[in-house]
Amino acid sequence: MRIAVIATCLGDAMFPQAVKATVEILERLGHEVVFPEAQTCCGQMHVNTGYLDMALPLVRHHVEVFADAADVSVAPSGSCVGCVRHQHAMVARRGGDEGLARAAEELAGRTYELSELLVDVLGVTDVGAYYPHRVTYHPTCHSLRMLRVGDKPLRLLREVRGLQLTELTDAEVCCGFGGTFAVKNAEVSTAMLADKMANVLTSGAEVCTAGDSSCLMHIGGGLSRLRSGVRTVHLAEILASTEQGTPARDVVFDTAEVGESKGVHP
Amino acid sequence: MTTDLGMPTTAPDGVGFLRGTESFPVAAHRALADTQLRRNLGHATRTIRGKRARVVAEVPDWEELRRAGEAIKADTMARLPELLEQLEEAVTARGGVVHWARDASEANAVVASLVRGTGADEVVKVKSIATQEIGLNEALAEQGIAATETDLAELIVQLSDDRPSHFLVPAIHRNRSEIRDIFLRALPGVDPDLTDEPRRLAMAARAHLRRKFLSARVGISGANFAAADTGTISVVESEGNGRMCLTLPDTLITVMGVEKVVPRWSDMEVFLQLLPRSSTAERMNPYTSTWSGVTPGDGPQAFHLVLLDNGRSNVLASPEGRAALHCIRCSACLNVCPVYERAGGHAYGSVYPGPIGAVLSPQLTGISGPDDPNASLPYASSLCGACFDACPVRIDIPNLLVQQRAASIASHRTPTAQDVAMRTVAAAMVSPARFRAAERVLGLGRFAGRSGRIRFLPYPGSQWTSARDLPAPPAETFRQWWKRTRGSQS
Ligand code: SF4
């Protein structure tokens with residue numbers, strides 16, 4: 001299958017390791033991955049901050065870039081796919097562009113979050129991964145309640161050799177990120193993060209994973225500040241890891257604060 | 001061009017409680033520092049969340065019921081004027097009197113003159129959010145009429161000169177030792193040896209309220225539902241105090257937001273299954289009172305229904321916001337909201353707190369500009385979506401929040417710093433070349449320590465780094481990696 005990868009603006013600029021891992025998993029499974037280079041951002045930040053008019057050209061740009069790029073599109077992000085699937089047509093309609101709304105709906109119908117693509121479209125749960133660590137999984141709100149990915153990420157994680165899954169108490173409660181919420185209501189956001197971190201720490205895991213780099217940036221940023229000894233790793237990076245190593249991996253937060261931890265790239 | 005039909009479009013300023021005095025983040029700051037409040041709220045919401053989940057799971061057709069509730073409400077809003085006239089006719093035919101109030105001031109004036117007309121200077125009240133919305137108690141007090149709240153939690157709030165912080169449990173922010181202190185301070189004739197045992201607290205309130213019930217000549221209530229076909233009003237409650245208010249006085253005055261009408265008596269079948277499980281997590285609430293007009297020789301002999309608009313027409317007129325009127329005030333969205341759980345109801349300023357309040361209050365009042373406290377309410381959410389899943393009538397609150405954020409921004413007469421920044425970013429994002437350039441000059445790297453961890457950023461980045469590190473940007477973006485490794489493709 002020809003698959004277009006949506007790097008997402010955050011993934012492109014700040015967390016490329018998750019996007020690289022997505023490419024590697026899909027290529028390993030024998031698919032052709034393309035990266036439409038004109039892509040920028042799905043517009044989620046604008047939509048969710050209320051700049052619906054400004055988001056209209058972004059939606060148009062996304063549709064133009066991806067409409068003919070491949071059979072399906074995939075992003076290692078529940079919230080970006082959530083925006084494409086549940087908000088793009090709304091933004092277009094609100095802006096009076098019914099044609100764009102229809103095109104956005106058509107594209108959204110074949111745009112998937114990574115775990116959805118693997119389990120629902122490609123029909124695999126064992127992607128040949130090896131990751132010998134204790135891991136807990138945080139279901140991000142948009143993957144859980146906007147996309148309804150359900151237990152797909154967990155089914156993928158259960159097939160990873162060497163991986164020990166530990167249960168996260170109150171897993172389905174928001175971590176407090178929420179995009180601009182994290183800065184506009186920084187204190188409430190931090191209070192929510194405190195409870196999420198407490199649950200991550202009591203889970204006994206070494207790694208907290210999720211399907212969204214944005215939420216992981218928030219949870220990982222808190223865990224790093226506390227020198228907690230627990231790090232955050234995107235689901236795609238775990239699934240891309242094999243006995244041959246973790247090719248896509250960058251150290252995001254160096255939890256021990258020793259030496260340089262600039263990214264290591266293949 | 002718009003035609004002014006003389007209808008006030010939004011609720012008036014200076015009367016009632018739909019708007020606080022400070023923005024949500026400022027009010028939340030205080031609440032977050034109150035450890036007792038955090039503990040009380042955390043305990044109460046966690047308990048009710050667990051119970052609700054259990055009783056909802058018992059109902060095999062819960063999703064169908066939710067869809068039925070949603071459909072009835074959508075139908076109601078689509079023909080609200082017609083249904084209200086039908087309701088007026090039915091109530092009038094059964095001996096009631098219907099009054100139409102465009103706003104809080106009119107509603108207060110109608111109620112005050114009705115009470116004065118009976119010669120009474122005291123009224124008993126069933127818990128009613130609509131009368132809190134319009135500031136009825138305060139308006140009556142100005143006319144020398146004392147109103148006594150008879151719902152236990154509402155009484156606690158009234159005695160402590162406090163504001164309610166939850167639909168169902170207005171004193172959810174209080175624990176029992178605080179309640180004991182309030183009773184000792186403010187409850188007339190209270191036993192000085194009162195303990196904080198729940199039963200003794202309830203008995204103390206009961207003794208006080210019984211005296212009020214037996215002497216009151218006027219009762220004032222809100223309404224949960226009003227069936228347009230039969231003119232039947234209903235109030236759903238747990239304590240039985242409402243039942244006393246609704247049956248003992250000679251005169252009953254009900255103040256009802258116009259959105260509470262439902263087309264048919266038989267629609268109650270749906271809502272009486274949805275409401276108790278969603279609100280108190282009970283299979284059925286202990287007291288459901290229904291009445292149609294007056295019945296000679298039984299109960300109040302005069303019944304007045306005040307239909308309150310107070311900005312509701314404004315909400316109804318907005319296709320993107322109208323669903324906020326579907327709310328049946330069960331409070332499930334408050335109980336599951338992680339923001340409400342930590343900030344509490346008072347932080348929202350309005351009598352409508354929580355996720356639904358964040359989308360209803362700004363629509364009822366309108367948003368006057370970036371400094372309007374209600375402009376901050378739609379942002380008091382991480383858009384986690386827990387409210388939608390809990391809502392018994394499937395109100396898509398996350399979408400309403402986004403729409404109200406747009407309304408908030410539309411109220412800016414001159415662009416704010418954020419508006420300008422967002423416009424610049426949006427412009428860069430439709431041009432791949434400019435986007436690449438922007439990525440390169442992001443330049444966060446210079447704030448990184450030796451470990452590649454950013455521990456401090458200047459404002460507004462400091463809002464992030466106050467509690468969270470940020471990784472330094474990678475040496476290579478994904479785009480650069482792709483070009484380097486697959487340069488020839490795509
Ligand atoms: S919005 Fe829904 S969940 Fe919230 S109080 Fe209203 S009916 Fe209940």
Side-chain angles (χ1 to χ4, degrees), chain A residues 7 9 11-14 16 19-20 34-41 43 46-52 54-55 57-58 61 141 145-146 173-174 176-179 181-193 217-218 221-222 224-225 250 252-254 257-263 265, chain B residues 24-25 28-29 32 320 338-339 342-343 378-386 388-389 399 402 404-409 418 422-423 425-426 428-432 435 439 442 450-453 455 460 463-464 466-479 481-482 485-486 489-490:
Chain A
C9 59
D12 182 15
M14 290 291 284
V19 196
K20 289 185 230 171
V34 296
F35 174 70
E37 291 193 46
Q39 66 178 277
T40 55
C41 167
H46 285 84
V47 175
N48 284 348
T49 313
Y51 292 91
L52 300 181
M54 289 185 202
L58 302 185
H61 183 73
C141 299
R145 284 178 283 265
M146 235 176 167
V173 177
C174 178
F177 173 65
F181 174 76
V183 288
K184 276 183 171 289
N185 278 284
E187 293 183 306
V188 182
S189 167
T190 304
M192 290 160 70
L193 174 60
M217 172 172 77
H218 172 74
S224 160
R225 176 63 57 86
D250 285 319
V252 176
F253 293 106
D254 176 357
E257 179 111 77
V258 281
E260 281 300 308
S261 68
K262 285 283 171 181
H265 302 284
Chain B
F24 184 85
H29 172 80
L32 287 168
E320 293 99 28
V339 175
R342 286 163 185 84
Y379 293 95
S381 165
S382 63
L383 302 180
C384 83
F388 169 72
D389 281 10
N399 178 48
V402 168
Q404 283 313 299
R405 290 175 185 193
S408 181
I409 284 156
Q418 177 186 288
M422 293 298 271
R423 187 167 296 286
V425 174
M429 279 174 171
V430 285
S431 150
F435 185 70
E439 279 185 338
L442 201 62
R450 220 161 50 89
S451 64
R453 175 194 347 232
R455 306 192 52 203
Q463 297 282 42
W464 179 275
S466 62
R468 292 151 287 205
D469 291 344
L470 193 69
E476 188 181 44
T477 64
F478 174 79
R479 192 178 295 276
W481 173 82
W482 181 271
T485 58
R486 333 267 155 126
Q489 294 177 30
S490 71

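Per chain, numbering begins at 1; letters A, B, ... match sequence-line order.
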message = Rounded to the nearest 0.5 Å, what separates atom CZ in R342(B) from atom CG in L32(B)?
response = 9.0 Å
query = Are S189(A) and R468(B) close enough that a side-chain donor and a side-chain acceptor fall under 3.5 Å?
reply = yes
note = Those residues at least two apart in sequence (or on a different chain) that pass ring pair (Phe, Tyr, Trp, His ring centres under 6.0 Å) with Y379(B) are none
key: Heavy-atom contact with chain A under 4.5 Å, split by part of L383(B)   = both
message = Given heavy-atom pairs under 4.5 angstrom as the criterion, report whether the side chain, backbone, both or neither of R423(B) touches chain A.
response = both
query = When only pairs under 4.5 Å are counted, which of C9(A), G50(A), G178(A), A55(A) shares the most heavy-atom pairs with chain B?
reply = G50(A)
request  = Output the option from T190(A), T49(A), V173(A) having the highest count of non-hydrogen pairs under 4.5 Å with chain B.
outcome  = T49(A)
query = Any idea which of A407(B), A467(B), S382(B), S408(B) has the most non-hydrogen atom pairs under 4.5 angstrom with chain A?
reply = S382(B)
ask   = Relative to the ring of W464(B), is the ring of F177(A) parallel (under 30°), tilted (30 to 60°) or perpendicular (over 60°)?
value = perpendicular
ask   = What closest approach, in Å, do Q404(B) and P378(B) show between heavy atoms, and which atom pair accounts for it?
value = CB-CG, 3.6 Å
